[in-house]
Amino acid sequence: MSTQSLYKVDADFAAKALVNNEQYQVMYQESITDPDGFWRKHGQRIDWIKPYTQIKKTSFDDRDLSINWFYDGTLNASANCLDRHLETKGDTKAIIWEGDDASEQRTLTYRELHAEVCRFANALKAQGVARGDVVTIYMPMVPEAAVAMLACARIGAVHSVVFGGFSPDSIASRIIDGKSKLVITADEGVRGGRKIPLKANIDQALNNPDVTTVERVLVLKRTGGNVNWQAGRDLWWHEACEGMADQCPAEEMGAEDPLFLLYTSGSTGNPKGVLHTTGGYLVYAAMTHEYVFDYKPGEIYWCTADVGWITGHSYMVYGPLANGATILIHEGVPNYPSPKRLGEMIDRHQVNTLYTAPTLIRALMAEGKEHFDSFSGKSLRIMGSVGEPINPEAWRWYHEVIGHGHCPIVDTWWQTETGGILITPLPGATDTKPGSATRPFFGVKPALVDNEGNILEGATEGNLVMLDSWPGQMRTVYGDHERFALTYFKTFRGMYFTGDGARRDEDGYYWITGRVDDVINVSGHRLGTAEVESALVSHELVAEAAVVGYPHDIKGQGIYAYVTLTKGTEATEELRQELRQWVRKEIGALATPDLIQWATGLPKTRSGKIMRRFLRKIAANEVTNLGDASTLADPAVIDTLIESRLNRN
Ligand code: PRX
């Protein structure tokens, strides 16, 4: 490894940091050799109503799968994010909000946020929401999104946030699976100058005859745009809150009571409801937020993720608020109305920590660094990256142009399922290498295994697994514990399989190479190729479809679809556009295929299984070394597909 690509921790930075390298080594060892002792101590970082005496009872055996942390303790997540700060930080800003249009600004102190959450929690109760009920949240990036989540947590309701970019069908399937009683939304959202018809999408979702559980829809007035109204079902947020008290007792929850559901894509079937519980999740989100971002009281912290993703849950809401941080919430996108926006916001709000995704960095890079000529960036201390592998070129650009060469970058690897960051540098402890997520966080035991599940030692490459549990781990797939076992613990017995491949170098650093299953990652958004295929074949003119990811300069991966039309259908450009719109309507804009290749046939084995490795290579324009095609029923299909391939970059 050349020293040029090693970015050493600055000695002054390390001296002031929460942990330096020696401390990391000691704490990591302790966390692995004595997990009970380690977590007994660190679990106390949050407030418990009844302190736990039990720490960890976990089994990764797929026949007896169970994950329990701090399981005889009780607490409330909302009280941990609000009430316990009131005495010392009541007047400190909890949320700074900037609208899509920068002229709109709001702040809420911890006292104000507490009052808002209590009022809304009382409103939820008045609407009949009780402990254990599932509440669907489909909101724009406004403070009320966090208020809604924390209000649910306060009364023991389980929130299920659905990303505002998802279609009515996607919302409906999540509502049906969660058996949600109440939906919280807004009239419209605003992003990049465009209005998003959130209430209209909810109306359409609720028109689905299979949605039978929703009794009430609470609607925040954000834009004042026109909306349809169903009397008896729909109620304005502000009307529901009228006359509600600004105090609301926080429900005493068991550590293992559900906190939220969040749906995520896998290689097969519909998105899974990932269930996170209260105690372990909160301890882990708060602890990782503090250590990974070397968070210091008083700092302004900006995570650009949408609240509809796990990053928005753990590192915009729960982790930072449990630590009493001031969070910046941005309604829009950080490169609108111009690429200058990101820098302007950092300077305007004196942001100390920025946590964002490689896709944004690549998009800004493509626009040119002159947009940062007037950017000061003096306040910035630490920068994070999440969601997909960051290519070294983007890493260096981030480091130089945004971080002015002195802000450490934490490339944090984790998943919806993991609840919090598992592999990451710690800014005062870990020398970094562009493109590597580096080393495990405390208590995390990663390993690389071959396809038979044998653990590989030393510098090598393999499937990334975890050998032991950590407090933030998901507990089950909602309503389907068997699917939980099957998806994560059966491929390699006794281990949690991440679905990612990784390389480990001679320094023990991990380099995530990407998914090894049929999940693709488009601009950091996770999608199952099966979902896109099923949307395509639901169109009456499509006979068959196969979808793969291909390398995309900005998005990381783009969506490449091979489509076989029904007999006699003409393959026109109009139909191609129609199919793109069709998928967009079925799933959401993020699933729109970038490229659709007409395929008269797909490469299949004699038993009819589609050989995706050929399709991946053709989509990636790697057509010279395709490998053995002798098992194909009709090898000539490959030549035809190669000839008419669309990505020739
Ligand atoms: O493939 C990995 C990639 O994103 C997947 C998880 O996606 P999701 O559940 O949507 O959560 C995203 C935010 C935590 C992983 O399986 N991924 C996430 N972070 C990184 C990453 N790949 C490489 N480097 C990362 N830092």
Side-chain angles (χ1 to χ4, degrees), residues 161-163 165-166 260-267 271-276 281 284-285 288-289 292 303-316 318-319 355-362 383-392 394-395 398 409-425 430 432-441 444 446 463-466 472-474 477 487-488 491 496-503 509-529 531 549 555-557 588 590-591:
V161 182
V162 179
F163 171 57
F166 277 123
F260 65 85
L261 283 178
L262 188 59
Y263 286 81
T264 194
S265 299
S267 31
K272 299 177 282 278
V274 168
L275 182 88
H276 282 290
Y281 171 80
Y284 199 74
T288 44
H289 169 260
V292 174
C303 165
T304 66
D306 191 280
V307 73
W309 309 114
I310 190 69
T311 310
H313 284 58
S314 303
Y315 298 111
M316 193 178 77
Y318 287 109
Y355 192 27
T356 193
T359 188
L360 173 72
I361 297 159
R362 288 191 299 261
M383 307 188 304
S385 171
V386 62
E388 47 176 322
I390 179 164
N391 46 312
W395 195 104
Y398 193 23
I409 294 182
V410 288
D411 175 2
T412 63
W413 175 87
W414 59 297
Q415 312 178 293
T416 307
E417 294 89 336
T418 69
I421 295 164
L422 295 195
I423 302 183
T424 179
T430 317
T432 50
K433 302 177 189 180
S436 172
T438 76
R439 308 187 290 197
F441 189 73
V444 174
N463 301 297
L464 180 64
V465 298
M466 298 296 150
Q473 185 169 25
M474 75 183 279
V477 170
T487 311
Y488 303 102
T491 321
Y496 167 79
F497 178 38
T498 63
D500 278 327
R503 181 165 72 78
Y509 277 29
Y510 287 85
W511 301 70
I512 310 298
T513 49
R515 301 290 302 198
V516 295
D517 54 11
D518 290 322
V519 168
I520 51 178
N521 196 323
V522 184
S523 303
H525 298 153
R526 180 167 156 182
L527 266 179
T529 52
E531 286 172 74
K555 301 182 187 184
Q557 280 190 300
L590 56 95

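Positions are given from 1, in the same order as the sequence printed here. Quick caveat, the model's predicted, so the values are computed rather than measured. The basis for the numbers below is simple: all heavy atoms, side chains too, and nothing from hydrogens, waters or symmetry mates. Atoms within each ligand, like the ligands themselves, are counted from 1 in listed order.
- Among all protein heavy atoms, the one lying closest to atom 13 (C) of ligand 1 is Thr311 OG1, 3.5 Å.
- The aromatic rings of His276 and Phe260 are tilted relative to each other, their planes meeting at an angle between 30° and 60°.
- In the vicinity of Thr416, heavy-atom distances shorter than 4.0 Å reach the ligand 1 atoms 8 (P), 9 (O), 10 (O), 11 (O).
- With a heavy-atom cut-off of 4.0 Å, Pro389 touches ligand 1 through backbone and side chain alike.
- Taking 4.0 Å as the cut-off between side-chain N and carboxylate O, Glu417 and Arg526 count as a salt-bridged pair.
- A donor-acceptor pair under 3.5 Å links the side-chain atoms of Thr498 to the main chain of Leu464, judged by distance alone.
- Distances below 4.0 Å separate heavy atoms of Val386 from the following atoms of ligand 1: 13 (C), 14 (C).
- Distances between N or O atoms of Asp500 and those of ligand 1 include at least one value under 3.5 Å.
- Taking the six-membered ring wherever Trp is involved, the centroid distance between the rings of Tyr496 and Tyr488 falls below 6.0 Å.
- Applying the 4.0 Å criterion to heavy atoms of Trp414 picks out, from ligand 1, the atoms 6 (C), 14 (C), 15 (C), 18 (C), 19 (N).
- At a 4.0 Å heavy-atom cut-off, ligand 1 touches Asn521 through the side chain alone.
- Using a 4.0 angstrom heavy-atom cutoff, Gly387 counts as in contact with ligand 1.
- If you run side chain to side chain contact (heavy atoms under 4.5 Å, CB included) between Leu422 and each of Phe441, Tyr284, Tyr510, only Tyr284 comes through.
- Under 4.0 Å from ligand 1, the heavy atoms of Ile512 that appear belong solely to its side chain.
- Those atoms of ligand 1 that come under 4.0 Å of a heavy atom in Arg526, given as number and element, are 6 (C), 7 (O), 8 (P), 9 (O), 10 (O).
- A cation-pi geometry, defined here as NZ or CZ lying under 6.0 Å from the six-membered ring centre and within 45° of its normal, does not hold between Lys272 and Tyr263.
- For ligand 1, the polar-atom distance check against Arg515 finds a nitrogen or oxygen pair separated by under 3.5 Å.
- For Asp306, the side chain to side chain contact (heavy atoms under 4.5 Å, CB included) partners two or more places apart in sequence, or in a different chain, are Met141, Phe163, Arg191, Trp309.
- The backbone of Glu388, and not its side chain, has at least one atom closer than 4.0 Å to an atom of ligand 1 (non-hydrogen atoms only; backbone = N, CA, C, O).
- In summary, Arg362 and Glu388 engage in a salt bridge, as defined by a charged side-chain N under 4.0 Å from a carboxylate O.
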